[in-house]
Structures are given as structure tokens and as C-alpha cells.
Amino acid sequence: SSWSGSNWPKAEGRRHITTCGVLVALAVGLRIAMAAAAVASKQRLSAMLDVDLDASPDHPQAHDQNMEDGASPKPTTFSEWFQVATSNELRICLKRLAGERADIAAQLQQLLKEENAHKEWVSQQEQAWNEKRAANPEPEAAAKARENGASEDLEGQARYIPLRLTPDERTLLVILQGALYVSEYTDRVDVYHAGNKARRMALQIQQVCAILAGLVVSNNFDVARKPLIERDFADNRTFFRAVFEIGRRYKILNPDKLRGSYGKLIHMLQDSVKDEVARAVGFECVAPMKTVAALVEQKQRGLELLQDPLLGTATREVYDGNKTRAEVAAEVMEKAEALAELKKKYVDQSVTGSATPKQAGDLAQLLHGKQVDTTALTEENVETIAASISDHFAFQRFNREPCDRMIDFLRTHFNPGDDRDWSLEISRGRGGSCLSHNHRTQFTFVLQSLLLWREIMGHMFALWQATEDDLLDPSLRYRLCDTGQGLNRMQSAPRVSRLMRSILHKVQSEVGSWVGLSVVHLGDRDVPNAFVFIDKYTQVPRILGPIVSTLDKLPGVYQSSPAVRTLIDKEFRNLDTLRMLILQDFFRHGFDGSGDDGGSCVDGRLTSCWNWCSKIEKKKYFPAFLLTGFTGFDGGFETAGTW
């Protein structure tokens, strides 16, 4: 999670910043004094803070008279006085409180002691850091090479990073969701039937376009009435192509969304690229994906912006972890300052002074079939680029972190050379296992699988783009066949296969000997097309995330009440045994080849892991999952009420 800069005081509210320590100490002292005096409730404490300083039986009209005389109004409550008091007045008030109350004086002494200790620790850390840098200075060439490497890596990734949706595009996305929700495209097309199939596909595509047009007209009648009612679909091709591209881009950025609708969309677009279908519809529905690289290449100084080291600071994810509030605030401020500096450096001021181009997704421009834009970078362009790259980093962290945590659990709690306490050995036919591995082999097998998944999660945007390129390639025809799991579109996926082979080769070179098969099923009955492939690997964080969350929450649940401690101790002896039991069972039977034909191929590992998830309710430790708030591995599907 990230802290918003809006949670912190504005610049005008920091007039006493030089006496910050005095203010903090005074606030602590006043809080103790009020806590001692307030014995009833928060209402009484509020009344104490808002007490009228001037009101008294002898001078009830003092405040009104002062206002009539034209003098500056005096503070009437303690809160107002605290805002306008000088540093000297604050010190006097603090001294009086400390002199009158011994508990306040003790609290202030403790506060000062902690502050001095913290300052001393910071000084020691800075000194140690400076000594380390002085003893091992980084060569200038190495530092420059590291920066260049990071920028080159970002340039390469920018080709696959989708642009964040604008507010106008999000409005069109909601309309697309509504149209896809009521569409029955795959139910009507992916069936055995007689007659002209291309004509049926074209008819269903036109129905989706008609639903879209009706929803847009009802949403914005004045702008959309004439273009969408008086013109045919082919004349509005720019609009429909843009709306479908928005849906594709949103799905890549949010794999958990559009889980029921994206399949209809991508299958419809897969059919629309066929020559006979495109001729019947009147236009091709597929538009190029909007990416960071595509945007910067259109701008005069776009590539220069992408290579700027400040962009790394402006796009760095502010992830709280174990950081303090002050550290998070400092990172938020650093990001904001870096973004402001990038705007100042690259935004063309002549464009800023003129009429600002409308953002992408503007309905009027899409319906007119054109997008007025400039080759100069605008503030909106810089913000969009930075936000999109930030989304990319957050996406990678969210998907890779569960893999990293499970790898850490495996390496920390299990020793490949020692199976005396917690063995990972599996035997075919025992516990549903379809493989036979000794402890060391199973340890290696699980580690290789997790490392491979981690690498795949780091290339998800590239795999998504390769998936769509294969699915929407008109030269790659599919055939409808029964794979044992219903009718599926069987189609080869050369781009995804090539990228997966490179990922697999990289992991194999890192781990050395490979346990099991290295076959990647694509375009066969196991994985009929690229869409099924990418959908399988979006499940990885959904599987590992809840397990990691349960293991992290169990210590807190264990300490929450004596009853829970008694339950866990009675059933599992202690908390550590429970956690080790969960890890042992997952590392054994989540990677035992079950749920498949007993294969140890790349895809079979994920299949057996999903099979383990389907049996979680039968596990002895399942109540421990429920105690931590576990609800399932499958996430949720959209409904009409969740748009």
C-alpha cells in the first residue's frame, strides 16, 4: 500500500516548523493532562478543547465588543490559540504544565530521551554508511553502466507496458462491460451447426456493436445520437476499435477483472480478423495496443524522458512493508518532486499555454474518427507515462512476491540433505501422488517450479502481448474440437512458445540439472490455445497468495485468545508444528503430478497445484485457514452490480 501525500499538512500549516520538538512535547503534555481530567467520554474531551477562553460571568460580551471595535479577533478556543501562539508562548505553557504535573514532566523526559537515542542511532548509521562507501567506492564507470542498464531495461519493458486508462476511457470501459455481460457470442458461435459460419460470426459481432451504440447513446445522447444512429458501423470503426482496445488493455492491467467477459471479447476479435468476417462486418475490429513505448515514440523528447534517471524515482513503488510513517511520507514526497521536475524539464511550455489537447478516449473525437494530438509532451503525457510504469512495478511486485515468499519458506524450513524431521518424499499411489521422488529430488522439483513461476510472473506483460498477437494473427487458423473439457479452439501459439522457451532456458541455466520434463504444452489437447495458457498462469498469485497470507496471520491468530491457543495446541501440539504441516503438505502434494496423467511437465506442475487447492476443505488444518479469514483460491467474478 502507498501513503498519499494529501494525508500530510500543507505548507501553510507549518509556520512553527522550527519548533517542531516543542510542539510535539506540548501536544503530549496536553494529551496527558486532558486524559487525566476527562473521565466520561470523547464528548467531554472535545468540550475541553473547545472551551471558550474569554467567556465568563463577568464579561459575557467581551468577544462581541472586541469585534465591533474593529480589532483582530482573539482566539476563542484552545485549538485556535494553539494555531496562532508564538514559540515563546508555547514554551511558557509547556513549562507550567511540567511544573504543575509530575507525570507530564516524566513523560517529557522520556520523550527527550527517546529522541536523543534516535538521533544518536541515525548518526551512527550515517557514519557507518559513509565509512563503507569510502572503503569501497563504486567506480564511476560501474555506476554509469548500472544506470544505463536500468534505463535500457526500462526501454525494453516499455514495449509491453499498457497505458493507464484515462477517465474518459474508464467510462467507455463500463459501457463495454455491459455489452459483453449480455452478449452470448461464444454460446452462438462455438457450437457445431450447419450453414455459413462466417455470416453467423459477423451477425453476432454486429449485435455487440449495436448494443454498444445503444448504451453510448443513452449515456451521452447529445454527442452520440447523430454519429451512431445516422451512420453505419463501418463509418464508426474508429470508435468501436478504440472501445475494444480499452477492454483488452484493462484486462492486461487487471487480470482479476473481466474474468467472464474477456473470453467473449478475445474470441470475437479472433473471428473478426478473418477476411470473410471482416468483409461482412465492414471493418476489422482490432486496433494496436496503446503502450508506453508507442506513446514516447510519438513525442519529440519521449525517448529522452524514458532514459532519464529521475523517471526511476518518479515511478518507484512506495510499499510500506516495515517502514515508518515518516519514511513512507519521505518517499511519497521524493516521488512527487521527481515527477514535478520531469514535467518542468520535458513539458513544452508553448503547448501548456495553448489549448490543452483532449485526453484519449474523448467520445466526440472518437465518433468523428480522429484524435487531435501534438508531437510535444504535455503534463498529461508525462503523468500517464509515470503512472503506467508505476502500475507495471506494482503489478510485478504483487505477482512475484508470493513466489519469493514460498521460495523463502522452502529454503528456510527444509534442508535437501536432511529429511529426518519433515520429509518431502512422495510415492506414486500414496496420498493421490502420481510421481515418486525422494526428499532431495522433491525439494529440487518444488524449487525449480517456484523459480520458473517467479520468472514467468516477471514477464507477464510480455506474455500477455504475445498471447494476443498469436490469438489475433489472421494467418493462424483455429479448429473447434473436443479436448475432453468441452469444445475449445485449438490454435498454435508460436510467439508464446518462443518466449516460454527462453524463460525456461534461463531458469534451467540458473538451477543446473532439471527434474522432470521441460515440455511446454501449447496448441494441443492439454493447452489448446494461448488464451488458456495465459489464464492458467494468472492463477499463480491466487494460489500462493492465500497460503502466504495464512502462514503470516497464524501467529497473530494464535495469540488472539486462550481458546484459539488451546485448540491449536491440542490438535497440532504448537503453532510451529501447524505451520510446518501446511508447508510440508503443500510442497509434497501440491507438486505430485496429481490432477493430470502423472506428468511432470511445465504445465502439469500448475495443474497438480490447482488440484491440491480443490481439496483444501478435506485437510486436517483447514480450520486454521478459516481462522485467518481465508475465503478461497479462485477470487471473484464480476456481476452487474460490481461494474
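Heads up: numbering here begins at 1 and tracks the sequence.
Contact detail for L305 and L311: the closest heavy-atom pair is O-CD2, 3.7 Å. Taking all atoms of both residues into account, the shortest heavy-atom contact from V296 to A293 is CG2-O, 3.2 Å. Closest approach of V540 to C403, counting heavy atoms only: CG1-SG, 3.9 Å. The minimum heavy-atom distance linking R231 with D235 is given by the pair NH2-O, 2.8 Å. Taking every heavy atom of both residues into account, P541 and P546 meet most closely at O-CD, 3.9 Å. Nearest approach of L544 to M406, heavy atoms of both residues: CD2-CG, 4.0 Å.
Taking CG of N219 as the reference point, atom CD1 of I175 lies at 4.5 Å (rounded to 0.5 Å). For the atom pair CD (E337) and NZ (K344), the distance works out to 12.0 Å, reported to the nearest 0.5 Å. Going from atom CZ of R400 over to atom NE2 of H459 covers 8.0 Å, rounded to the nearest 0.5 Å. To the nearest 0.5 Å, atoms CZ (R316) and NZ (K335) are separated by 8.0 Å. N236 contributes atom CG, which lies 5.0 Å from atom CG of L228 (distance to the nearest 0.5 angstrom). The CG atom of L606 lies 10.5 Å from the SG atom of C601; values are rounded to the nearest 0.5 Å.
The main-chain N or O of A234 is found under 3.5 Å from a side-chain atom of R237 such that the two form a donor-acceptor pair. At least one donor-acceptor pair closer than 3.5 Å links the side chain of R489 to the backbone N or O of H267. Remark: side-chain polar atoms of N488 are not paired, donor with acceptor, to backbone N or O of P528 under 3.5 angstrom. Of the possible donor and acceptor atoms, none in the side chain of S261 sits under 3.5 Å from a partner among the backbone N and O of L258. The backbone N or O of P167 sits less than 3.5 Å from a side-chain atom of T171, completing a donor-acceptor pair. In terms of modelled atom types and a separation under 3.5 Å, the side chain of S272 and the main chain of L269 share a donor-acceptor contact. Using modelled atom types, one side-chain atom of E245 and one backbone atom of K290 make a donor-acceptor pair closer than 3.5 Å. The main-chain N or O of D408 is never found under 3.5 Å from a side-chain atom of R411 such that the two would form a donor-acceptor pair. Under the 3.5 Å distance criterion, the side-chain polar atoms of D603 are matched with a main-chain donor or acceptor of H521. At least one donor-acceptor pair under 3.5 Å links the side chain of S390 to the backbone N or O of A386.
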What do the steps show when you test E383 against K343 for salt bridge (charged side-chain N to carboxylate O under 4.0 Å, His left out), and what is the final call? CA-CA 8 Å; E383 290 177 355; K343 291 180 182 179; 2.3 Å; yes
Give the intermediate values and the outcome of ring pair (Phe, Tyr, Trp, His ring centres under 6.0 Å) for residues W464 and Y262. CA-CA 13 Å; W464 267 107; Y262 179 76; 5.7 Å; yes
Between K345 and E341, does a salt bridge (charged side-chain N to carboxylate O under 4.0 Å, His left out) hold up when you go through it step by step? CA-CA 6 Å; K345 190 174 181 181; E341 184 63 25; over 6 Å; no
Walk me through it: do R248 and V286 pass the test side chain to side chain contact (heavy atoms under 4.5 Å, CB included)? CA-CA 10 Å; R248 293 161 50 207; V286 179; 3.9 Å; yes
Go through the steps to decide whether D526 and F533 satisfy the test side chain to side chain contact (heavy atoms under 4.5 Å, CB included), and finish with yes or no. CA-CA 10 Å; D526 292 323; F533 167 85; over 6 Å; no
Would M268 and Y185 count as a side chain to side chain contact (heavy atoms under 4.5 Å, CB included) if you check the C-alpha gap in whole Å, the side-chain angles of each, and the deciding distance to 0.1 Å? CA-CA 7 Å; M268 182 186 73; Y185 183 84; 3.9 Å; yes
Going through the distances and angles, do E169 and R164 end up as a salt bridge (charged side-chain N to carboxylate O under 4.0 Å, His left out)? CA-CA 9 Å; E169 290 177 332; R164 178 187 283 189; over 6 Å; no
Applying side chain to side chain contact (heavy atoms under 4.5 Å, CB included), run through N529 and M490 and close with a yes or a no. CA-CA 6 Å; N529 53 59; M490 188 175 293; over 6 Å; no
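Within the 4.5 Å cutoff, the side chain of V292 has no heavy atoms near those of the R159 side chain. For the pair R405/D552, a side-chain contact is recorded, criterion being any heavy-atom separation below 4.5 Å from C-beta on. Looking at L452 and I503, their side chains come closer than 4.5 Å, going by heavy atoms from C-beta outward. Side-chain atoms of L265 and V208, non-hydrogen and from C-beta on, never get closer than 4.5 Å to each other. A 4.5 Å side-chain heavy-atom check between L451 and V511 finds at least one atom pair inside the cut-off. The shortest side-chain heavy-atom distance between L163 and T291 does not fall under the 4.5 Å cut-off. Taking the side chain as every heavy atom from C-beta outward, F283 and C209 approach each other to under 4.5 Å. With contacts defined as side-chain heavy-atom distances shorter than 4.5 Å, the pair D469/L472 does not qualify.
Classification of the F233-F240 ring pair by plane angle, with boundaries at 30° and 60°, yields perpendicular.
For the residue pair R501 / S497, a side-chain donor-acceptor distance below 3.5 Å is found, with atom types taken as modelled. Looking at R605 and S449, their side chains do bring a donor and an acceptor atom within 3.5 Å of each other. A side-chain donor from one of Y346 and D308 sits under 3.5 Å from a side-chain acceptor of the other. Using a 3.5 Å distance cut-off with no hydrogens or angles, the side chains of S475 and D473 do pair a donor with an acceptor. Side chains of Q491 and R477: no donor on one and acceptor on the other come within 3.5 Å. At a cut-off of 3.5 Å, with distance as the only test, no side-chain donor of Y537 or N399 sits close to an acceptor on the other residue.
Paired with R259 under the rule side-chain hydrogen bond (donor to acceptor under 3.5 Å, both in side chains), one option of D634, D535, N254 passes, and it is D634.
Remark: D190 does not engage K264 in a salt bridge, criterion side-chain N to carboxylate O under 4.0 Å.
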